[in-house]
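Below: the structure, in structure tokens.
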2 protein chains.
Amino acid sequence: MKECGNACDLKTCFLCKLCLPEWLPALAVQKRNFEVKKGELIFKEGDAVNGIYFVHKGSFKVHKSWDKDKELIIRFARSADIIGHMGLGKRLLYPVSATALEPSVVCYLEIAFFEATLKVNTELAYQLIRFLANELDDSHRSMRDLAHMSVKARIAQAFISLHQQFGIDEQGFIDVEISRQDISSFAGTTYETLFKVLNEFAKQSILTLTGRKIFIADHLKLQEIVNNDH
Amino acid sequence: MKECGNACDLKTCFLCKLCLPEWLPALAVQKRNFEVKKGELIFKEGDAVNGIYFVHKGSFKVHKSWDKDKELIIRFARSADIIGHMGLGKRLLYPVSATALEPSVVCYLEIAFFEATLKVNTELAYQLIRFLANELDDSHRSMRDLAHMSVKARIAQAFISLHQQFGIDEQGFIDVEISRQDISSFAGTTYETLFKVLNEFAKQSILTLTGRKIFIADHLKLQEIVNNDH
DNA sequence: CGGATATTTGACCCTGCTCAACTGGCGTGG
DNA sequence: CCACGCCAGTTGAGCAGGGTCAAATATCCG
């Protein structure tokens with residue numbers, strides 16, 4: 001992670017958009033920008049909390065590990081998303097890790113400065129509350145899915161979520177490059193099981209995964225697989 | 001749910017404690033108090049969001065259903081806890097239900113008034129952010145546990161969580177009355193499986209469950225069961 | 001070209017869910 | 001007072017979803 005010049009224009013990220021004009025100069029002084037290489041961690045589980053990050057360019061996975069070679073991907077983050085907001089709680093150590101999926105750029109603020117900003121900027125605090133409430137809702141939904149849905153339905157749901165979050169590119173592929181390992185960790189299953197389900201989906205012309213690009217051929221059938229699990 | 005007089009003294013609940021003195025008169029006017037019978041819902045999944053609740057007395061389960069006769073208990077709430085904060089997100093319908101575990105009393109505020117309070121009271125907004133960040137952390141931990149822990153370890157963890165949240169009474173029992181059905185829904189397993197594990201725990205003198213009261217005989221062994229699962 | 005790493009597949013087996021039977025109160029009506 | 005049904009609590013048998021392991025194949029890279 002290498003510090004770099006000011007790539008963020010102070011208007012596109014979640015934070016900057018909500019800042020009062022008079023606050024922007026202070027922000028410009030405090031804010032630091034970092035280039036992150038693909039696969040690099042910006043922080044990992046157990047690191048001391050020092051600040052909060054805003055994705056300016058690129059994408060990240062936020063994950064919790066288990067057993068050294070097992071992990072669960074909690075969520076993905078892309079341009080304009082926040083990472084490291086868990087540091088706002090009473091916990092002094094990050095409970096999750098954040099890893100770049102591609103070369104990325106992040107803005108960084110020390111937690112003390114960010115908290116000072118929150119106490120001054122009511123609108124920012126209010127929007128952060130809304131954001132956290134939505135995150136919590138998503139997280140609860142994932143809990144229920146992990147507890148009650150079949151692996152096949154969870155995998156289908158994982159692809160639907162990826163599609164919603166990243167959208168599609170000109171060729172119709174989901175606009176993200178992601179390893180199978182990561183997809184299985186996101187769906188809460190194993191690499192091998194993902195495979196078998198993926199073959200099934202391909203055979204039924206629902207979805208294909210070539211290289212690291214995902215193409216959803218039949219959104220309806222995919223949704224049906226999720227629904228039929230009830 | 002029956003409206004009742006002002007039981008809350010405006011000082012004990014999460015909200016009131018953080019309110020500025022000059023705001024308390026307005027709060028006293030807006031606030032409504034309700035008695036809730038055991039087993040009664042204060043809202044259910046799919047209801048339109050109208051307000052936010054603070055538990056004044058009693059305890060609640062917050063749960064998400066699946067399949068009519070299956071549910072997952074997301075969390076419990078007791079005196080001074082918030083319920084219904086999910087309504088602060090962009091969602092217009094509650095994504096969970098809240099059911100009283102015992103006769104309880106709640107304070108209620110319309111969401112619009114609460115939001116107005118948030119925008120005026122920076123300290124309240126800040127504390128709410130901290131609260132939500134902690135909830136999110138707990139929720140992520142639960143996701144990982146549901147994905148990777150064995151049922152036995154999850155059940156052990158469920159009892160540890162109950163102990164932490166409710167504490168113990170004079171006789172050493174966990175200070176809450178809870179059905180086996182609810183315990184299994186909290187641990188993310190079935191009624192029958194909970195039984196078999198419970199027998200095992202009793203045989204090993206780790207924990208007994210008589211009626212609706214839980215007694216943890218060996219905290220260390222219980223924690224070991226959770227740890228050994230890694 | 002050879003070793004290391006990723007992909008793909010098959011065989012096996014264990015956890016834990018399902019279902020159904022059994023128990024033991026408890027209320028009700030004959 | 002007993003017989004009956006009913007319900008919650010309890011236990012056991014069976015089975016399948018999906019995780020584990022290992023082998024076979026492909027791909028990468030120095």
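Just so it is clear: chains get the letters A, B, ... in the order the sequence lines come, proteins before strands, and each one is counted from 1. None of the values given here were measured: they were computed from a predicted structure.
Within a 6.0 Å radius of CD in A:Gln223, more than 12 heavy atoms belonging to other residues, nucleotides or ligands are found. Taking a 6.0 Å sphere around CD of A:Glu200, one finds it holds more than 12 heavy atoms contributed by other residues, nucleotides or ligands.
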For this session: Check the pair A:Phe43 / A:Val49 against side-chain contact (heavy atoms from CB on, under 4.5 Å), numbers first and verdict last.
Result: CA-CA 9 Å; A:Phe43 55 79; A:Val49 170; over 6 Å; no

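B:Arg180 has no side-chain polar atom (N or O) that falls below the 4.0 Å cut-off from OP1 or OP2 of D:dA8. A:Thr190 has no side-chain polar atom (N or O) that falls below the 4.0 Å cut-off from OP1 or OP2 of D:dT20. Using a 4.0 Å cut-off, no side-chain N or O of B:Asn199 falls inside it from OP1 or OP2 of D:dT10.
Non-hydrogen atoms lying under 4.0 Å from DNA chain C are contributed by B:Ser150, B:Val151, all within residues 147-154 of chain B.
As rounded to whole Å, 11 Å separates atom P of D:dA8 from atom CD of B:Gln181. If you take OH of A:Tyr191 and P of D:dC21, they are 17 Å apart, rounded to a whole angstrom. What separates CZ of A:Phe195 from C1' of D:dT25 is a distance of 12 Å, to the nearest Å. Put simply, CG on A:Asp67 is 13 Å from C1' on D:dT20, counting in whole angstrom units. D:dC21 atom P lies 13 Å from atom NZ of A:Lys196, rounded to whole Å.
Across all strands shown, B:Glu192 has heavy atoms under 4.0 Å from base atoms, whether or not it also approaches the sugar-phosphate.
Where DNA chain C meets chain A (any atom under 4.0 Å from a heavy atom), the bounding nucleotides read 5' to 3' are C:dT7 to C:dA11.
Classified by interplanar angle (parallel below 30°, tilted 30° to 60°, perpendicular above 60°), the ring pair A:Phe166/A:Phe76 is perpendicular.
A:Glu71 pairs with exactly one of A:Lys64, A:Lys44, A:Lys61 by the salt bridge (Lys or Arg N to Asp or Glu O under 4.0 Å) rule, that one being A:Lys61.
A salt bridge is absent between B:Arg78 and B:Asp81; no separation between the charged side-chain nitrogens and carboxylate oxygens falls under 4.0 Å.
Looking at heavy atoms from C-beta onward, B:Ile214 lies in side-chain contact with B:Leu209 at the 4.5 angstrom threshold. Looking at heavy atoms from C-beta onward, A:Lys31 lies in side-chain contact with A:Leu109 at the 4.5 angstrom threshold.
Panel note: side chain B:Glu135, backbone A:Leu136; no donor-acceptor pair is recorded below 3.5 Å.
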